[in-house]
2 protein chains.
Amino acid sequence: MTVPEGYDKYAYEPFAVTVDLAVFTVRAGTLQVLLVERGQEPYAGRWALPGGFVLPDESAEEAAWRELAEETGVTDVSGLHLEQLRTYSEPGRDPRMRVVTVAFAALFPDAPVPHGGGDAAQAQWLRFNAIGPLAFDHDRILADAHERVGAKLEYTCLATSFCPPEFTLGELQQVYETVWGTPLDRPNFRRKVLATPGFVEQVPGAARLTGGRGKPAALYRAGVATTLHPPLLRPTMEGRP
Amino acid sequence: MTVPEGYDKYAYEPFAVTVDLAVFTVRAGTLQVLLVERGQEPYAGRWALPGGFVLPDESAEEAAWRELAEETGVTDVSGLHLEQLRTYSEPGRDPRMRVVTVAFAALFPDAPVPHGGGDAAQAQWLRFNAIGPLAFDHDRILADAHERVGAKLEYTCLATSFCPPEFTLGELQQVYETVWGTPLDRPNFRRKVLATPGFVEQVPGAARLTGGRGKPAALYRAGVATTLHPPLLRPTMEGRP
DNA sequence: CGACTAATAGTCACTACGACCATAAAGGGG
DNA sequence: CCCCTTTATGGTCGTAGTGACTATTAGTCG
């Protein structure tokens, strides 16, 4: 009875399918998450991950891209990093009805749109470390997303997705430190990044940027590489979960 | 309009939600996949991944475990490795109706149940390399599952899930070689595995097993560790996709 | 008994990396 | 103007991990 003769003969129950987005950014040395405040029950007044229903003619990915644009107010979200995390389908996760949600993780570079765009109840950036209990099972989704992003920094060039088009190695290092919550040795980080071909490429025009005091730093762009071999592992926490 | 005032006011379309399983095993030095032959249109006569609908009162994970037991005919599937892969939701992936499927990857040790159990159209093991086009988008799901399993062998102790309770290091190495499709250097593999604390532990009673000719090998059990630090990387294919 | 097979042991060189120290180039305060 | 602070950048040194090999051991097969 696993594969029924025809789907219409099978007494399956239809589910609502939604997408939920864990959108991260690194701003001023802190990890921030895009959240919306719920207006009605259940969980009225609580913060929740932005999301919405998957429409009849779109995939979960398309719904996620659409929601990303709507919630951030950014018109051109292409170029941002968006990846599927996993699907949460526990029967009781929404008390009103059976809702299956496909969770996504997205990364935002700093510069644009300090807070929401034109809509009424737009989303806001909150510090990852100062987030109380979220609505539904969004705490777990957010924790899974954070772990995934942290892990991907180790073996992919994903960190540049948190940076503006041109950035210093110090800014890139701060992305790692902020997401991982661990300080890194600056010369060693520099050596590793520059030794990985295609991770970053220096902006040729001897361009330099100064955010304040200290020696001006060279500017880099994201390179063509997508993966890191060998990986850039976080400081030894023996058994990682 | 992203988060409606109430779900019942929102014109969402309900979807059917299914699970699909990519179940792997290593038998006789080949990678094999559990498949079922479709009996009716669409894709009648084609092979497909085992799967089925998520029932109203169960999560996708529970449905996957249930299907795993049903399709393999094995009563006790606890202890097997089963993990969620990702969700496939393209609108046209099932020509009959809108079906969103949560895909899982599962690993089977060799020994048990050479072919299906008691049901009528039971599943069969087919060589991974000799699989023609599958039904629906199952080729892509299977490819994604294979890539995921291969990647997880690098940084987890997952390979022991392909082995019987007691195994030789040669058998463990064959798991890696079969999944990756690459030969490995035997002394180096041995050194790496034994140098990782908690990966395997030797069966104390000087127990030895011989499958035929050659020096008898020591027997090992899976250890307590779950992750590999540092990872056991596949032979250098510079940029991995 | 000798050929063959597979497991196990050990060597050597090179790479990658953690922990440092040193220098260069900017601004700020006395 | 000099010194101190700050940040970027350039190195060194020792060690762990690993790829590429060679050698030895302990069985089966003919």
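Letters go in sequence order (proteins before strands), and every chain restarts at 1. We use all heavy atoms of the structure for the numbers below, so side chains are in, but hydrogens, waters and symmetry mates are not. If you're wondering where the values come from, they're calculated on a predicted model, not measured in any experiment.
A/Lys215 has its NZ atom 10 Å from the P atom of D/dA8, to the nearest Å. A straight line from CG of B/Leu184 to P of C/dA6 spans 16 Å, rounded to a whole angstrom. In this structure, B/Arg213 atom CZ and C/dG2 atom C1' are separated by 17 Å, rounded to whole Å. One atom, CG of A/Leu219, and another, P of D/dT9, lie 9 Å apart when rounded to the nearest Å. For the pair A/Gln174 CD and D/dA8 C1', the computed distance is 14 Å after rounding to whole Å. If you take CD of B/Glu177 and P of C/dA6, they are 12 Å apart, rounded to a whole angstrom. One interatomic measurement links the two molecules: CG of A/Asp185 to P of D/dT12, which rounds to 16 Å at whole-angstrom precision. Look at CG on A/Leu172: it is 12 Å from P on D/dA8, rounded to the nearest Å.
Annotation: side-chain hydrogen bond (donor to acceptor under 3.5 Å, both in side chains) contacts of B/His81 (sequence neighbours excluded): B/Glu83. With sequence neighbours excluded, no residue forms a salt bridge (charged side-chain N to carboxylate O under 4.0 Å, His left out) with A/Glu177.
At a threshold of 4.0 Å, the pair B/Glu62-B/Arg66 does not count as salt-bridged, since none of the basic side-chain nitrogens sits closer than that to a carboxylate oxygen. Note on B/Arg234 versus B/Glu147: salt bridge recorded, some NZ/NE/NH1/NH2 to OD/OE distance being below 4.0 Å.
Counting only N and O atoms by type, the side chains of B/Asp144 and B/Tyr88 include a donor and acceptor under 3.5 Å apart.
Along DNA chain C, the nucleotide closest to B/Leu169 and the one closest to A/Pro187 are compared, and the more 5′ of them pairs with B/Leu169.
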What's touching nucleotides 16-19 of chain D from the protein side, N or O pairs under 3.5 Å?
unit_1 : atom_1 : unit_2   : atom_2 : d
D/dT18 : OP1    : B/Lys192 : NZ     : 2.9
D/dT18 : OP1    : B/Pro231 : O      : 3.4
D/dT18 : OP2    : B/Lys192 : NZ     : 3.3
D/dG19 : N7     : B/Arg191 : NH2    : 3.0
D/dG19 : O6     : B/Arg191 : NH1    : 3.4
D/dG19 : O6     : B/Arg191 : NH2    : 3.4

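No donor-acceptor distance shorter than 3.5 angstrom exists from the side chain of B/Asp137 to the backbone of B/Arg140, with no hydrogens or angles considered.
The shortest distance between the side-chain N/O atoms of A/Arg190 and the OP1/OP2 oxygens of D/dT9 is below 4.0 Å.
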